[in-house]
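Residue numbers count from 1 along this sequence.
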Amino acid sequence: MSKLKDNIAKADSFLSKYSVLSHHIDGVSVTSKNTFDNHSPIDKRLLCKVSKGTAADIDKAALSSQRAFQTWSRVSGKNRRDILHSIADAIDKRSEEIALLESLDTGQPLKFMAKAATRGAENFRFFADKAPEAANGLSMPTEDHMNYSVRQPLGPIGVITPWNTPFMLSTWKIAPALAAGCTVVHKPAEFSPLTATILADIATDAGLPAGVWNLVHGLGEVAGRSLTEHPAIKAVAFVGESRTGSMIMRQVSDTLKRVHFELGGKNPIIVFDDADLDRAVDAAVLMIYSLNGERCTSSSRLLVQSTIYDQFIEKIAARVRAINVGHPLDPATEVGPLIHETHYDKVCGYFKIAESDGAQTVVGGAAHDGPGGGYYVKPTLFAKAHNDMRIAQEEIFGPVLTAIPFSDEQDALRIANATQYGLAGYVWTQNSGRGLRMANGLDAGMIWVNSENNRHLPAPFGGMKASGIGRDGGDWSFEFYMETKNVCLAYGTHTIPVLGKL
């Protein structure tokens, strides 16, 4: 309890600097006349006022990014690398502040948010080290010509980030854009704006030139739409709901912007009867109940071979009942409150839907009376489900697991692929051939065999179907933020066809 009190006191002390969150445009803090309130999901108290960005604010930020691009795109990769390393160092120095305010703002347990700054700094360091090679291409000689490719930065990028792990996901998008030589206009989610302001301040203090990174707070309908439609913005990188991604696709069509979408998921974790069941239980519980279940790669559908279904559900249920739901600033808390009343109502609505569809509520299925009276729900496990139920098809985005039995490999693949989403998949089996067959057969952008979601920065990250367009990670990020140009040089040895010769 004393540690919780200490953390609350520290968080409130950090918070006192942010009574009103300003935009960051062309190197200057800009506060809007109109603001909106940002409340904590823990106890619903007002955390801060947030500047409500307008189309005019977005226009200033976009034009600032356009001007800054003319110089930033010509900064050497080595110099960009040095600045991005300075940003990473500054993130580490403010790691406690970032972790505490992220927990306060999102309801995510400190147990997980303690690593938010570390992961953000890792993103900047990784892409900083790749900055000197960002323009590199290929040599493609032929008998009479030398072809080679080079890459050049695309231009100002609109980055729109979500509310679930806002700090890390902001760095995951912004770091490669800057490393590539692009400039950025960042519109963070209105539900969790605090750490976006910290991140922009860090970048300025680290020496990033004015206009290279602009931040505009605001609502999606105004600030977000103005950003996606602005002609100076050459591409939009978005993380969020599939429905919002579809809206953005329509908004960018008139200006033919490039888009990169990391969207929703209804990811299966498939457990065969030859799996290491104890490790599979650990992974299944972690991947749906960590981060309050508010993660795109959560394993929200549990597909278990019928021969071990009852046994495995008992193991899962025992673990779910033991999950510690509490104040997110308590180091012992494993599940905290959901982000906002709107999302809380959505998640709770699925409890009635599951009952009406005939699923069995094994654990949870109700709101939770958590400390502070915020938006808590009980970690929930549904069994006796089938794949056409809404709880098996729709992204709930909360600590809710739906368990479905299957008979064999083909049945597992059929069930796993029978959804509009295709972000991630998890397979548990000690048969290596089966693991490979399942990985090849799953319609998902990322597959983990005998593992939870394990992040590897050089690897491609992204989904298929309604789960997204494009890939993050390693060189795949530069493919989005840069244009590839081919140059063809003749050796002077080939014959040029002649027309109209007299």
Q.
With ring pair (Phe, Tyr, Trp, His ring centres under 6.0 Å) as the criterion, how do Phe312 and Phe272 come out once you've worked through the C-alpha distance, each side chain's angles and the decisive distance to 0.1 Å?
A. CA-CA 10 Å; Phe312 198 79; Phe272 287 92; over 10 Å; no
Exercise. Mind running side chain to side chain contact (heavy atoms under 4.5 Å, CB included) on Leu169 and Asn164 for me, showing each step along the way?
Key: CA-CA 9 Å; Leu169 287 173; Asn164 53 332; 3.7 Å; yes
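Between Arg151 and Asp475 there is a salt bridge, since at least one side-chain N of the basic residue sits less than 4.0 Å from a carboxylate O of the acidic one. Between Glu229 and Arg225 there is a salt bridge, since a side-chain N of the basic residue sits under 4.0 Å from a carboxylate O of the acidic one. Taking a cutoff of 4.0 Å between a charged side-chain nitrogen and a carboxylate oxygen, Lys173 and Asp472 qualify as a salt bridge. Ionic pairing of Arg434 and Glu409 is present here: one or more N-O contacts between side-chain nitrogen and carboxylate oxygen are shorter than 4.0 angstrom. For Glu483 and Lys234, the salt-bridge test fails: no basic side-chain N is under 4.0 Å from an acidic carboxylate O.
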Would you give me the side-chain donor-acceptor pairs under 3.5 Å for residues 82-89, sequence neighbours excluded?
{"unit_1": "Asp82", "atom_1": "OD2", "unit_2": "Lys78", "atom_2": "NZ", "d": "3.4"}
{"unit_1": "His85", "atom_1": "NE2", "unit_2": "Asp129", "atom_2": "OD1", "d": "2.7"}
{"unit_1": "Ser86", "atom_1": "OG", "unit_2": "Asp82", "atom_2": "O", "d": "3.1"}
{"unit_1": "Asp89", "atom_1": "OD1", "unit_2": "Arg125", "atom_2": "NH2", "d": "2.9"}

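Arg80 places a side-chain N or O within 3.5 Å of a backbone atom of Val75 that can act as its donor or acceptor partner. Distance alone, capped at 3.5 Å, places no donor-acceptor pair between the Ser32 side chain and the Thr35 backbone. Although no hydrogens or angles enter the test, the distance criterion places a donor-acceptor pair under 3.5 Å between the side chain of Ser103 and the main chain of Gln108. For the pair His230 (side chain) and Leu63 (backbone), a donor-acceptor distance under 3.5 Å is absent.
With contacts defined as side-chain heavy-atom distances shorter than 4.5 Å, the pair Glu479/Arg471 does not qualify. When side chains are defined from C-beta on, Ser95 does not count as touching Ile98, because their heavy atoms never get closer than 4.5 Å. Side-chain contact between Glu96 and Phe14: present, with at least one pair of heavy atoms (C-beta onward) separated by less than 4.5 Å. Within the 4.5 Å cutoff, no side-chain heavy atoms of Val236 are placed close to those of His260. Between Thr197 and Val50, the closest side-chain pair of non-hydrogen atoms is not below 4.5 Å.
With His186 as the fixed residue, the side chain to side chain contact (heavy atoms under 4.5 Å, CB included) test singles out one of Val216, Ile174, Ile160: Ile174.
Applying the 6.0 Å contact sphere to NZ of Lys346 captures more than 12 heavy atoms from other residues, nucleotides or ligands.
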